[in-house]
Engineer: 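This is the structure I have questions about; it appears just below.
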Amino acid sequence: HTAAVNCSKAELVSSLTDPAFLLFDLGTCVNEPDGLNNELRNILIVSTLAVSDVAGVVPGLSLDTSTVFSFSLGDSVSISSLSANQTLTIVAPALNVSVSESTLNVDAGDAVNYSIVVQHTASS
């Protein structure tokens, strides 16, 4: 199937002056009149939040986030909004690190190979 909702454009217009604020322009979106109501009718915009590794961002820290989606229908000037709030908790990965060498007995000048394995633990 092809998409049942067609938009004249879909682009990130700008992040304005606040890097936490994104503005997307979808242009004019038209829902094909075929009577279907399925996943082809959805417009999905996904954003990913990346938390910088800076002082003050420590495991257990809670961050409050909010999302507001505003839209207008047709040529009307009325704007509708949907919003959601989410609290995110910063976690640190739990890692197991093991180091082993290839040879236990060496002479001066011999090469020694080490293996370092880093793995997430089950809770990470």
Side-chain angles (χ1 to χ4, degrees):
H1 282 85
T2 59
V5 176
N6 293 305
C7 297
S8 61
K9 63 180 175 178
E11 62 187 16
L12 174 62
V13 176
S14 79
S15 61
L16 303 177
T17 57
D18 183 352
F21 180 84
L22 301 176
L23 176 62
F24 293 93
D25 185 353
L26 301 179
T28 300
C29 296
V30 177
N31 187 358
E32 299 296 326
D34 56 11
L36 296 176
N37 186 12
N38 57 30
E39 70 279 353
L40 297 177
R41 301 288 178 223
N42 298 332
I43 297 173
L44 178 63
I45 298 174
V46 177
S47 62
T48 301
L49 173 68
V51 178
S52 298
D53 185 12
V54 295
V57 177
V58 295
L61 176 69
S62 292
L63 301 173
D64 293 324
T65 65
S66 63
T67 301
V68 177
F69 177 68
S70 299
F71 58 95
S72 62
L73 302 174
D75 293 329
S76 68
V77 291
S78 64
I79 295 178
S80 300
S81 292
L82 303 171
S83 63
N85 294 315
Q86 181 76 38
T87 299
L88 306 174
T89 302
I90 304 299
V91 296
L95 303 174
N96 284 329
V97 179
S98 62
V99 178
S100 61
E101 63 278 343
S102 62
T103 309
L104 295 177
N105 297 316
V106 295
D107 291 325
D110 287 351
V112 178
N113 293 318
Y114 288 92
S115 294
I116 301 172
V117 178
V118 179
Q119 296 175 313
H120 281 268
T121 64
S123 63
S124 177

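As the structure is a prediction and not an experimental result, all values here were calculated from the model.
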Engineer: Could you see if Val117 belongs to whatever hydrophobic cluster contains Tyr114? Use Ile, Leu, Val, Met, Phe, Trp, Tyr and a side-chain cutoff under 4.5 Å.
Structural biologist: no

Engineer: Between Thr89 and Ser62, which heavy-atom pair has the shortest distance, and what is it?
Structural biologist: OG1-OG, 3.7 Å

Engineer: Nearest 0.5 Å, please: how far is CG in Leu95 from CD in Gln119?
Structural biologist: 10.0 Å

